[in-house]
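Heads up: the structure comes next, in structure tokens.
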Amino acid sequence: MKIDRMRVFMTRDKDRPRVIVALDTDDGLTGWGECYNHGPDKALPPLLDYLYAFLSGQDPTRVDYLVNLLIQQSRFPPGALGLAAISALDHCLWDLAAKAANVPVYKLLGGEVRDRIKVYAGVYTAPDAPAARDEFDRLKEEWGFTAFKLSPWRIDMHAHRWGNVVKASADYFRSLRETVNDEYEIAFDAHAKIFEPVAARQLGNALAPYDPLFFEEPLRPENIEAWGDLKQGLNCVLATGESLYNRNEFLRLLQVKGADLIQPDICVVGGISEMRRIATLAEAYFVGVAPHNPMGPLATAVNVHFSAAAQNFRILEYRLPKGQAYVYGGLDIEKRQGETRYVVDPYLPKDGYLELRPDRPGWGVEMDEKAMEEEGYIHWQRRVPKRPDGSYAFA
């Protein structure tokens, strides 16, 4: 069995662009993978074309061998775009290897250590408590969700005194706890908007009395030592890692005790191969893994197999393939509806969990190439806020 073709699809997942990759073999198998849409998304196809030259004619079951080649052939360590492309190719190789063996991917990773994968719903805004209650209850009734993630921002952090911003967030969480089902777990994603560790600590400790599931990414990722400073004196679970690229960066984070929960992205770090190494490092530090996954249903499938085989997996971020688009920020529940069609049979929650599919080889999903071509590409870019003085703030 040899790799003899690659195909790249520029398509969409509701309101977000997706770059989907297929590797075909000379005996008729196809492996599928998904890139992270860092932007500029249109830079990924030519990069994938370049990387494919190292895979053409190779045996896809030599996954580690080939992924290591993709990483090592670069003169300098690959960054966001390079690793996003390598991630998708890594996914394809694991899918092919498992299909060749006629087993689910998790069987090649040592087998499942759990029977189902707990997920949380990303709502991402900061709706008034009654609206949040109604949305949580709807998601619970329809899909069994009992864990959710919101934004903590109730007022503009740049237009108000910081103490008032913190108080507004604390008052908000208190009102949520008084309004929603007490069994619900609620996480808050600060979206790397805070510059100073002391300010991030103030916000986290204001939320702490109301028992957040975790306090996510309040700071930028570049100064890893600052995360160790932040964690000292923080009284809630600190989670981060979506913007880190490889085991070396996660090792530094763990060494400075900069997180209670890490959030690597399987479409960012170089695929499931690197994700497993990162998880092993975290396990040695008694730190759990809650994968970052605001992605499409193919990325979710890849995460299911990683999570099934990872001892220190805790919970998976999940985006329904049909329904609200859910964008970050603001005070309203997103009402726009959308549907993702390129996975025919996506993993859907039952009682708040994703069930494994032991009778299906590879990722366990069927792809719809026609839907990818019909949907086409959609442009998306980050909204960068401005401060009152006209300077750009962190997005």
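The first residue in the sequence is number 1, and the count goes up from there.
For the atom pair CD1 (I194) and CE (M157), the distance works out to 5.5 Å, reported to the nearest 0.5 Å. Here the CD1 atom belonging to I186 is positioned 14.0 Å from the NZ atom belonging to K149, to the nearest 0.5 angstrom. Within the model, atoms CH2 of W143 and CG of D351 stand 12.0 Å from one another, a figure rounded to the nearest 0.5 Å. For the atom pair H191 NE2 and R382 CZ, the distance stands at 6.0 Å (nearest 0.5 Å). Taking OG1 of T30 as the reference point, atom CE of M6 lies at 13.5 Å (rounded to 0.5 Å). Atom OG in S169 sits 7.5 Å away from atom CD1 in I155 (nearest 0.5 Å).
You'll find the side chain of M295 stays beyond 4.5 Å of the side chain of T300, heavy atoms only. Contact of the L93 side chain with the I3 side chain is registered, since non-hydrogen atoms from C-beta on lie closer than 4.5 Å. Between F214 and R314 there is no side-chain heavy-atom pair separated by less than 4.5 Å. Residues P45 and M10 have side chains in contact (heavy-atom distance under 4.5 Å, counting atoms from C-beta outward). Annotation: side chain of N37 is not in contact with side chain of V19 (no heavy-atom distance under 4.5 Å). Taking 4.5 Å as the limit, every side-chain heavy atom of Y347 sits out of range of all side-chain heavy atoms of I117. Inter-residue side-chain proximity for L176 and Y184 is flagged as unmet; no heavy-atom pair is nearer than 4.5 Å. Between E34 and Y342, the closest side-chain pair of non-hydrogen atoms falls below 4.5 Å.
Under the side-chain contact (heavy atoms from CB on, under 4.5 Å) test applied with P264, the options M275, E242, E249, H292 reduce to a single match, M275. When T340, N293, D13 are each tested for a side-chain hydrogen bond (donor to acceptor under 3.5 Å, both in side chains) with R319, only one passes: D13.
Put simply, the side chain of R5 never gets that close to the backbone of D24: no donor and acceptor are under 3.5 Å apart. Proximity of a side-chain donor or acceptor of N312 to a complementary backbone N or O of V289 within less than 3.5 Å is not detected. The closest donor-acceptor contact from the side chain of S391 to the backbone of R387 lies at 3.5 Å or more, if one exists at all. Put simply, the side chain of R177 gets close to the backbone of Y210: a donor and an acceptor are under 3.5 Å apart. R276 places no side-chain N or O within donor-acceptor distance of the main-chain N or O of G271, the cut-off being under 3.5 Å. Of the possible donor and acceptor atoms, none in the side chain of T179 sits under 3.5 Å from a partner among the backbone N and O of P130. Looking at E373, its side chain never comes within 3.5 Å of a backbone N or O of K370 through a donor-acceptor pair. Side-chain atoms of D41 do not come within 3.5 Å of backbone N or O of L44 as any donor-acceptor pair. E274 places a side-chain N or O within donor-acceptor distance of the main-chain N or O of R247, the cut-off being under 3.5 Å. A side-chain donor-acceptor contact under 3.5 Å links K14 to the backbone of L320.
The aromatic rings of Y172 and F188 lie perpendicular to each other, with more than 60° between the two planes, well past the 30° mark. Ring geometry, Y318 versus F145: the interplanar angle falls from 30° to 60°, so the pair is classed tilted. Ring geometry for W153 versus W162: interplanar angle of 30 to 60°, hence tilted. Using the six-membered ring where Trp is involved, H91 and W363 have ring planes that are perpendicular, over 60° apart on the 30 and 60° scheme.
Transitive grouping of hydrophobic side chains (ILVMFWY, heavy atoms separated by less than 4.5 Å) brings V21 and Y50 into a common cluster. Note: the hydrophobic cluster containing V237 does not contain V119 (ILVMFWY, side chain heavy atoms under 4.5 Å, direct or indirect links). L213 and F313 fall into different hydrophobic clusters, defined by Ile, Leu, Val, Met, Phe, Trp and Tyr side-chain heavy atoms under 4.5 Å apart, directly or through other members. Hydrophobic clustering of Ile, Leu, Val, Met, Phe, Trp and Tyr side chains at less than 4.5 Å, counting indirect connections, keeps V365 apart from Y353. Following chains of ILVMFWY side-chain contacts shorter than 4.5 Å, one cannot reach V344 starting from W32, and the two form parts of different hydrophobic clusters.
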Go through F54 and L66 one step at a time and tell me if the side chain to side chain contact (heavy atoms under 4.5 Å, CB included) criterion holds. CA-CA 8 Å; F54 297 94; L66 293 175; over 6 Å; no

Check step by step if side chain to side chain contact (heavy atoms under 4.5 Å, CB included) holds for V327 and R336. CA-CA 10 Å; V327 296; R336 288 178 303 141; 3.5 Å; yes

Would K107 and E112 count as a side chain to side chain contact (heavy atoms under 4.5 Å, CB included) here? Give the steps. CA-CA 7 Å; K107 289 294 187 183; E112 68 275 33; 3.1 Å; yes

Begin from the C-alpha positions of Q324 and Q337 and carry the test side chain to side chain contact (heavy atoms under 4.5 Å, CB included) through to its verdict. CA-CA 5 Å; Q324 281 98 324; Q337 299 284 312; 3.8 Å; yes

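Listed here is the closest heavy atom pair of I266 and A299: CG2-O, 4.4 Å. When all heavy atoms of D26 and M1 are compared, the pair lying nearest together is OD1-CA, 3.6 Å. In terms of heavy atoms, A147 sits closest to I315 at CB-CD1, 3.8 Å. When every heavy atom of W94 is checked against every heavy atom of S273, the shortest pair comes out as NE1-OG, 3.0 Å. The nearest pair of heavy atoms linking R18 to G296 is NE-N, 3.4 Å. A pairwise comparison of heavy atoms in P60 and L96 identifies CB-CD1, 3.7 Å as the closest pair.
In summary, E217 and K193 do not engage in a salt bridge, as defined by a charged side-chain N under 4.0 Å from a carboxylate O. Ion pairing between a basic and an acidic side chain is recognised when a charged N comes within 4.0 Å of a carboxylate O; R174 and D171 show such pairing. Between E141 and R138 there is no salt bridge, since no side-chain N of the basic residue sits under 4.0 Å from a carboxylate O of the acidic one. Ion pairing of D229 with R201 is absent here, as no side-chain N (NZ or NE/NH1/NH2) approaches a carboxylate O to less than 4.0 Å. Between R277 and D64 there is a salt bridge, since at least one side-chain N of the basic residue sits less than 4.0 Å from a carboxylate O of the acidic one.
Within 6.0 Å of the CZ atom in F195, the count of heavy atoms belonging to other residues, nucleotides or ligands does not exceed 12. The number of heavy atoms from other shown groups lying within 6.0 Å of NZ (K231) is above 12. Enclosure of atom CG in D115 is not indicated, since only 12 or fewer non-hydrogen atoms of other residues, nucleotides or ligands lie within 6.0 angstrom.
No side-chain N or O of K118 forms a donor-acceptor pair with one of S307 less than 3.5 Å apart. Between the side chains of E216 and Q263, at least one donor N or O lies within less than 3.5 Å of an accepting N or O.
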